[in-house]
Protein chains: 2
Amino acid sequence: MTVMQTTTAAPTQQPDRTPADICSAPPRRHPRPEGQDHYTISEVVAFTGLTAHTLRWYERIGLMSHIDRSHTGQRRYSNRDLDWLDFVTKLRLTGMPVADMVRYAELVREGETTYPDRRELLEQTRRDVVSRIAELHDTLSVLDRKISFYETGGN
Amino acid sequence: MTVMQTTTAAPTQQPDRTPADICSAPPRRHPRPEGQDHYTISEVVAFTGLTAHTLRWYERIGLMSHIDRSHTGQRRYSNRDLDWLDFVTKLRLTGMPVADMVRYAELVREGETTYPDRRELLEQTRRDVVSRIAELHDTLSVLDRKISFYETGGN
DNA sequence: TATGACCTTGGAGTGCACTCGAAGCAAGCG
DNA sequence: CGCTTGCTTCGAGTGCACTCCAAGGTCATA
């Protein structure tokens, strides 16, 4: 894939505008440093594994806030957008419905006053994940019982 | 190594008619003993939590083999059917597509010669479950990081 | 300047796993 | 006998999360 260079490097990027957007960012190394983070949609496809269709759809439904555009209207994703996508991907792995993720995104956009709501939402999600893990362990033991049956009886 | 029934055994439990149908049955206590296990669909709904529609649909797509009928054509589910539904529910929890479950059901119907295929299918499923659990643990740590951020910064 | 890969949009389509509806038959009860 | 409840069938509808399409504009390289 030809990684297009985004030569439109904004010279004056003010440092760290909204810490509320990505709270407690994970230890991720970004492909490019702040100031040069103007990724095309195909670059983001390469980084995240999501399709371009899905990325545009996320934006349309409000799961991502408005993405910067080049002077010709093409999307230019930032490092923060990448962080957000990482987080969203994690949430998706938990089985959280997209509508709930949108709800969370809205809370983020509303600012710091929604910290308690966000925490509650994440804690509920956490509980769901924990019980999901328990379910899977349970399933695992059923599978193991059957597999050991087939191992001894089936060969 | 056949798994023995664990404790509180039913008084007159028949010695395992068709081992091919439910291999290595889980330690489940049935609502009624063998011989009286002719459950109506609404009873099965109560036991399993599935809807009557779903139960009929399972039968239609081949996820369940033919269910016994009363003289008037109504379904009468057996204890073995209940066991199978339990197992299917477990498989569903793993996220296995229904088509794959149908494939497994077909293998069961084909008899003992498919033991190796069944084992392979279950082992693949097991691998999927294990990696899913790992993913969820990963997600859990991300959630915990964010939650602790909101705990300290958000109140 | 021309090529071809890449980008834009809104809306329509897909696949999965149910979920429901309509029309009709059968059993039990006052 | 009428009523209610529960069962039957097939086929159509739902909700989710994408996924794709058509028509057209943009961009770097030859």
Enquirer: Which part of the nucleic acid, if any, lies within reach of R92(A) when heavy atoms closer than 4.0 Å are counted: base, sugar-phosphate only, or nothing?
Expert: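 Sugar-phosphate, backbone atoms only, no base.
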Enquirer: Examine dC18(C): is either OP1 or OP2 under 4.0 Å from a nitrogen or oxygen in the side chain of Y58(B)? Give yes or no.
Expert: yes
Enquirer: Give a yes or no on whether the backbone of E110(B) and the side-chain of T114(B) come within a donor-acceptor separation of less than 3.5 Å.
Expert: no
Enquirer: If I compare all heavy atoms of L50(A) with all of V45(A), which pair ends up nearest, and what's the gap?
Expert: O-CG1, 3.3 Å
Enquirer: Heavy atoms under 4.0 Å, any strand shown: does T40(B) hit a base, just sugar-phosphate, or nothing?
Expert: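 If one applies the 4.0 Å heavy-atom cut-off, T40(B) turns out to touch the sugar-phosphate alone, with no base involved.
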Enquirer: How close or far is atom C1' of dT8(C) from atom NE2 of H53(A), stated in whole angstroms?
Expert: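 For the pair H53(A) NE2 and dT8(C) C1', the rounded distance is 12 Å.
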Enquirer: Grab the CD-P distance between E59(A) and dT8(C) for me, whole Å please.
Expert: 9 Å
Enquirer: Among the nucleotides dC18(C), dC18(D), dT8(C), which one has an atom lying closest to any side-chain atom of T54(B)?
Expert: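 The listed nucleotide nearest to T54(B)'s side chain is dC18(C).
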Enquirer: Round to the nearest Å and state the distance from W57(A) atom CH2 to dC16(D) atom P.
Expert: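 In whole Å, dC16(D) P and W57(A) CH2 are 10 Å from each other.
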Enquirer: Mind calculating the distance between CG (L55(B)) and P (dA17(C)) to the nearest angstrom?
Expert: 16 Å
Enquirer: Round to the nearest Å and state the distance from I61(A) atom CD1 to dA17(D) atom C1'.
Expert: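 It is 9 Å, rounded to the nearest whole Å.
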Enquirer: So, is R76(A) near the phosphate of dT8(C), with a side-chain N or O under 4.0 Å from OP1 or OP2?
Expert: no
Enquirer: Given dA17(C), dG6(D), dT8(D), identify the nucleotide with an atom nearest to the side chain of S42(B).
Expert: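 Nearest nucleotide to the side chain: dG6(D).
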Enquirer: Closer than 4.0 Å, any side-chain N/O of T72(A) to the OP1 or OP2 of dC7(C)?
Expert: no
Enquirer: Can you measure R56(B) atom CZ to dG11(D) atom P for me and round it to whole angstrom units?
Expert: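 Whole-Å distance recorded here is 16 Å.
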Enquirer: Indicate, with yes or no, if the rings of F47(A) and Y77(A) have centres closer together than 6.0 Å.
Expert: no
Enquirer: Judged by modelled atom types alone, do D81(B) and S78(B) share a side-chain donor-acceptor pair under 3.5 Å?
Expert: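 Checked: D81(B)/S78(B) side chains pair up, N/O donor to acceptor below 3.5 Å.
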Enquirer: Find the distance Q74(A):CD to dC7(C):C1' and express it as a whole number of Å.
Expert: 4 Å
Enquirer: Without decimals, in angstroms, what is the distance between M64(B) CE and dC18(C) C1'?
Expert: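 Result: 16 Å.
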Enquirer: Does a donor on one side chain and an acceptor on the other come within less than 3.5 Å for N79(B) and Y39(B)?
Expert: yes
Enquirer: When all nucleic acid strands are considered with a 4.0 Å heavy-atom cut-off, which category describes R75(A): base, sugar-phosphate, or nothing?
Expert: sugar-phosphate
Enquirer: Look at the side chain of R60(A) and the base of dG11(C), then say whether one donor and one acceptor between them are separated by less than 3.5 Å.
Expert: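 In this structure, the two groups form a donor-acceptor pair.
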